[in-house]
Amino acid sequence: MMKKFVAMLLALSMVFALAGCGSSSDSDAGSSSDGAASSSTADASAAEESEADAQTESEAGSESQAEAEGSVSEATAEDTKSEGVMTYDEYIAADVDTQVVIETYVQAKQSWWEDQATVYTQDYDGAYFLYNMTCSEEDYEKLTVGTKIKVTGYKSEWSGEVEIIDATFEIEEGSYIAEPLDVTDLLGTDELIDHQNEYVSFTGMTVEDSGDGAAFLYSWDGSGSDGDDLYFNVSLNGETYTFTVESYLCDNTTEVYAAVTNLQVGDVIDMEGFLYWYEGVNPHITSVTVQ
């Protein structure tokens with residue numbers, strides 16, 4: 001009887017011991033599982049933060065790149081000058097007969113003869129008349145409207161017209177075509193000469209008698225014939241001005257030449273051209289429209 005009792009006690013002890021071991025293992029497993037879950041959650045949070053930081057850096061980089069590209073775009077939209085090249089103000093301030101270096105854009109070609117070209121040019125600030133610039137016939141063909149060129153020559157003046165002579169040039173990257181500036185209201189003022197050689201327009205001017213009832217003359221004194229320069233008088237506010245169709249710039253095959261030869265005294269016209277100067281304002285007209 002005692003042996004059975006002892007045997008039962010031993011059996012019960014083993015059962016409780018095994019139960020305790022099982023509980024401990026389950027607890028350890030649970031703790032291990034919770035730790036793994038906590039570790040996974042922490043890793044996921046770290047990954048999300050890393051991804052968010054990377055996205056922020058990417059966006060910041062994109063914004064910086066956009067700002068940089070914007071700055072480049074704005075810079076290229078302006079007429080930046082190369083080192084040693086004059087601004088327009090510096091050119092105007094330079095003395096006659098001194099060397100000048102400019103960057104400018106072709107607006108019209110007047111003539112080419114024996115490796116010399118006469119060209120109307122302009123930048124964003126003002127205009128330059130290049131007279132008999134050294135130029136091969138091949139290079140003359142390259143001087144299309146808008147072409148950027150670097151010019152080295154000498155500032156000169158002839159009968160009020162400021163120009164660049166004895167010049168050489170080289171073609172550069174860039175393009176600019178000027179829009180005509182309406183200077184109608186500046187006629188008869190001191191400010192008009194500030195726009196010398198620029199591409200300009202005049203509106204609402206009346207054709208006057210240029211001599212013997214004619215609306216125009218061939219040559220300044222009427223001694224010329226078809227193909228020569230055309231001279232015609234126009235008025236505004238009681239003042240009369242003489243305008244010209246320069247035959248080298250616009251010959252007798254052009255629309256403007258035909259338009260002027262068909263004018264009648266009393267016609268009201270709008271015009272475009274280059275503000276040339278000869279003993280006073282003497283625009284070289286490239287377009288005429290009768291109102």
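Quick caveat, the model's predicted, so the values are computed rather than measured.
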J.: Answer yes if Ile177 and Leu143 sit in the same cluster of Ile, Leu, Val, Met, Phe, Trp and Tyr residues linked by side chain heavy atoms under 4.5 Å apart, and no otherwise.
T.: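 No, no single cluster joins them.
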
J.: Please determine whether side-chain hydrogen bond (donor to acceptor under 3.5 Å, both in side chains) holds for the pair Ser136 and Glu138, giving the CA-CA distance in whole Å, both sets of side-chain angles, and the decisive distance to 0.1 Å.
T.: CA-CA 5 Å; Ser136 68; Glu138 180 182 2; 5.1 Å; no

J.: Hydrophobic clustering (ILVMFWY, side-chain heavy atoms < 4.5 Å, transitive) - are Val162 and Trp158 grouped together?
T.: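 Cluster IDs for Trp158 and Val162 differ.
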
J.: What's the separation between atom CG in Asp185 and atom CD in Glu191, rounded to the nearest 0.5 Å?
T.: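 Here the interatomic distance stands at 11.5 Å.
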
J.: With the 4.5 Å side-chain cut-off for hydrophobic clustering, are Val85 and Ile149 part of the same group?
T.: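 No, it is not one cluster - the side chains of Val85 and Ile149 are not joined through contacts under 4.5 Å.
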
J.: Where do Ser223 and Asp221 land on the side-chain hydrogen bond (donor to acceptor under 3.5 Å, both in side chains) test, with the steps shown first?
T.: CA-CA 6 Å; Ser223 62; Asp221 59 355; 2.6 Å; yes

J.: Got Val106 and Thr144 here, is their nearest side-chain heavy-atom distance under 4.5 Å?
T.: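 No; the side chains remain at least 4.5 Å from each other.
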
J.: Would you check if there is a donor-acceptor pair between the side chains of Gln116 and Thr134 at a distance under 3.5 Å?
T.: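 No, because no side-chain N or O of Thr134 sits under 3.5 Å from a partner of the opposite role on Gln116.
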
J.: Between Tyr276 and Tyr120, does the ring centre distance come in under 6.0 Å?
T.: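 Between Tyr120 and Tyr276, which both carry aromatic rings, the centre distance is not below 6.0 Å.
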
J.: Would you please test Lys148 and Glu173 for side-chain contact (heavy atoms from CB on, under 4.5 Å) and show each step?
T.: CA-CA 6 Å; Lys148 184 178 183 179; Glu173 291 295 323; over 6 Å; no

J.: For Asp229 and Ser247, does a side-chain donor sit closer than 3.5 Å to a side-chain acceptor?
T.: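 Short answer, yes.
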
J.: Taking the side chain as every heavy atom from C-beta outward, state whether Glu172 and Glu103 have any atom pair closer than 4.5 Å.
T.: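 A side-chain contact under 4.5 Å exists here.
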
J.: Which residue, Asp267, Val260, Val207, forms the side-chain contact (heavy atoms from CB on, under 4.5 Å) with Val288?
T.: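 One option only clears the test, and that one is Val260.
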
J.: Would a distance-only check, ignoring hydrogens and angles, find a side-chain to backbone donor-acceptor pair under 3.5 Å from Lys155 to Ala94?
T.: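 Yes, the answer is positive, given that a donor and an acceptor are paired below the 3.5 Å cut-off.
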
J.: Within the distance-only criterion (no hydrogens, no angle test), does the side chain of Asp270 pair as donor or acceptor with the backbone N or O of Thr289 below 3.5 angstrom?
T.: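 No; judged by distance alone, with no hydrogens or angles, the pair does not exist.
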
J.: Could you grab the distance from atom CD of Glu163 to atom CD1 of Ile165, nearest 0.5 Å is fine?
T.: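 If we round to the nearest 0.5 Å, Glu163:CD and Ile165:CD1 are 7.0 Å apart.
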
J.: Determine the minimum heavy-atom distance between Leu249 and Ala108, stating which atoms define it.
T.: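 Looking at all heavy atoms of both residues, the shortest contact is CD1-CB, 4.0 Å.
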
J.: Does atom OH of Tyr154 have more than 12 heavy-atom neighbours from other groups under 6.0 Å away?
T.: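 No - once you tally the heavy atoms of other residues, nucleotides and ligands closer than 6.0 Å, there are 12 at most.
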
J.: Using the rule given for side-chain contact (heavy atoms from CB on, under 4.5 Å), can you reason through Val100 versus Ile164, listing the C-alpha separation, both sets of side-chain angles and the distance that settles it, and then say yes or no?
T.: CA-CA 8 Å; Val100 293; Ile164 298 176; 4.1 Å; yes

J.: Under 3.5 Å, is there a donor on one side chain and an acceptor on the other for Asn197 and Glu161?
T.: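 Side-chain D/A pair, Asn197 to Glu161: present.
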
J.: Quick check on Glu179: does its CD atom have over 12 non-hydrogen neighbours (other residues, nucleotides or ligands) under 6.0 Å away?
T.: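 No, the 6.0 Å shell around CD holds no more than 12 heavy atoms from other groups.
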
J.: Do you know the tightest heavy-atom contact between Ala178 and Tyr199?
T.: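 Scanning both residues completely, I find the closest heavy atoms to be O-CD2, 3.5 Å.
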
J.: Nearest 0.5 Å, what's the OG1-CE distance between Thr121 and Met133?
T.: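 Taking OG1 in Thr121 and CE in Met133, the distance rounds to 8.0 Å.
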
J.: Can you tell me if Thr242 and Asn233 form a side-chain donor-acceptor pair at under 3.5 Å?
T.: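 Result is yes, a qualifying pair exists.
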
J.: Is the backbone of Ser111 close enough, under 3.5 Å, to the side chain of Thr118 for a donor and an acceptor to pair up by distance?
T.: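 No, the answer is negative, given that no donor and acceptor are paired below the 3.5 Å cut-off.
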
J.: Check the pair Thr87, Asp89 against side-chain hydrogen bond (donor to acceptor under 3.5 Å, both in side chains), reporting the backbone distance first and the verdict last.
T.: CA-CA 5 Å; Thr87 64; Asp89 287 341; 5.3 Å; no

J.: Rounded at 0.5 Å granularity, tell me how far OG1 in Thr244 sits from CG in Leu217.
T.: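 CG of Leu217 is found 10.5 Å from OG1 of Thr244.
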
J.: When you measure from the side chain of Thr152 to the backbone of Thr168, do you find a donor-acceptor pair of N or O atoms at a distance under 3.5 Å?
T.: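 No, the answer is negative, given that no donor and acceptor are paired below the 3.5 Å cut-off.
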
J.: Is the shortest side-chain heavy-atom distance between Ile269 and Leu263 below 4.5 Å?
T.: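 Yes, at least one pair of side-chain atoms sits under 4.5 Å.
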
J.: Distance only, no hydrogens: is a donor on one side chain within 3.5 Å (strictly under) of an acceptor on the other, for Glu208 and Ser235?
T.: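 Side-chain D/A pair, Glu208 to Ser235: present.
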
J.: Report yes or no: does Asp123 contribute a side-chain atom to a donor-acceptor pair with the main-chain N or O of Gly126 at less than 3.5 Å?
T.: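 Yes, the answer is positive, given that a donor and an acceptor are paired below the 3.5 Å cut-off.
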
J.: Report the C-alpha distance between Tyr128 and Tyr88 in whole Å, list the side-chain angles of each, state the deciding distance to 0.1 Å, and finish with yes or no for ring pair (Phe, Tyr, Trp, His ring centres under 6.0 Å).
T.: CA-CA 9 Å; Tyr128 313 84; Tyr88 182 72; 5.5 Å; yes

J.: Should we say atom CG of Asp226 is surrounded by more than 12 heavy atoms from elsewhere, each under 6.0 Å from it?
T.: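 Buried by this count: over 12 neighbours within 6.0 Å.
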
J.: Checking the side chain of Gln107 only, and the main-chain atoms of Tyr105 only, is there a donor and an acceptor separated by less than 3.5 Å?
T.: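 Yes: the side chain of Gln107 pairs with the backbone of Tyr105.
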
J.: Can a donor-acceptor pair be found, under 3.5 Å and without considering hydrogens, that links the side chain of Trp112 to the backbone of Cys135?
T.: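 Yes, the answer is positive, given that a donor and an acceptor are paired below the 3.5 Å cut-off.
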
J.: On a heavy-atom basis, which atom in Gly84 and which in Val101 lie closest, and how many Å separate them?
T.: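 Nearest pair, atom of Gly84 first, then Val101: O-CB, 3.9 Å.
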
J.: Any side-chain heavy-atom pair from Val290 and Asn262 closer than 4.5 angstrom?
T.: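 Val290 does not reach Asn262 side chain to side chain.
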
J.: So does Gln264 have more than 12 non-hydrogen atoms from other groups sitting under 6.0 Å from CD?
T.: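 At most 12 heavy atoms, drawn from other residues, nucleotides or ligands, come within 6.0 Å of this atom.
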
J.: State whether the number of non-hydrogen atoms from other residues, nucleotides or ligands found under 6.0 Å of Gln99 atom CD is greater than 12.
T.: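 For Gln99, atom CD is crowded (more than 12 foreign heavy atoms under 6.0 Å).
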
J.: Within the distance-only criterion (no hydrogens, no angle test), does the side chain of Ser159 pair as donor or acceptor with the backbone N or O of Tyr278 below 3.5 angstrom?
T.: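 Not at all, since once roles are kept as given, no pair shorter than 3.5 Å links the two residues.
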
J.: Start with the C-alpha gap between Leu236 and Thr206, add the side-chain angles, then the distance that decides, and say whether side-chain contact (heavy atoms from CB on, under 4.5 Å) holds.
T.: CA-CA 7 Å; Leu236 180 74; Thr206 303; over 6 Å; no

J.: Can you tell if the side chain of Trp277 reaches within under 4.5 Å of the side chain of Leu192, non-hydrogen atoms only?
T.: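 Trp277 vs Leu192: side chains touch.
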
J.: Shared ILVMFWY cluster between Leu181 and Phe243, side chains joined below 4.5 angstrom?
T.: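 Yes; Phe243 is reachable from Leu181 via cluster members.
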
J.: Would you indicate whether the side-chain heavy atoms of Val200 and Pro180 approach each other to under 4.5 Å?
T.: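 No, their side chains stay 4.5 Å or more apart.
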
J.: What's the verdict on ring pair (Phe, Tyr, Trp, His ring centres under 6.0 Å) for Phe216 and Tyr231, showing C-alpha distance, side-chain angles and the deciding distance?
T.: CA-CA 6 Å; Phe216 72 94; Tyr231 285 78; over 10 Å; no

J.: Check the surroundings of atom CG in Asp182: do more than 12 heavy atoms from other residues, nucleotides or ligands lie under 6.0 Å from it?
T.: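 Yes, CG of Asp182 has more than 12 neighbouring heavy atoms, counting only those of other groups under 6.0 Å.
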
J.: Hey, what do you get for NZ (Lys109) to CG (Leu130), rounding to the nearest 0.5 Å?
T.: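 That separation rounds to 13.0 Å.
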
J.: Any non-hydrogen side-chain atom of Cys250 less than 4.5 Å from a side-chain atom of Tyr257?
T.: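 No; the side chains remain at least 4.5 Å from each other.
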
J.: Is there a side-chain contact between Ile171 and Thr147 (heavy atoms, below 4.5 Å)?
T.: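 Yes; the side chains approach each other to less than 4.5 Å.
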
J.: Tell me whether Leu187 is reachable from Ile193 by hopping between hydrophobic residues (I, L, V, M, F, W, Y) whose side-chain heavy atoms are closer than 4.5 Å.
T.: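 Result: yes, single cluster for both.
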
J.: Taking the ring centre of each residue, are Phe274 and His284 less than 6.0 Å apart?
T.: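 No, they do not, as the ring centres are separated by 6.0 Å or more.
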
J.: Can Thr104 and Gln122 be said to form a side-chain hydrogen bond (donor to acceptor under 3.5 Å, both in side chains), step by step?
T.: CA-CA 6 Å; Thr104 184; Gln122 190 167 333; over 6 Å; no

J.: May I ask you to establish whether Lys150 and Phe169 are in a cation-pi arrangement, using a distance under 6.0 Å from NZ or CZ to the six-membered ring centre and at most 45° from the ring axis?
T.: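 That pair does not qualify as a cation-pi contact.
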
J.: Main chain of Ala214, side chain of Asp212: is a donor-acceptor contact present, judged purely on distance under 3.5 Å?
T.: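 Answer holds: no.
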
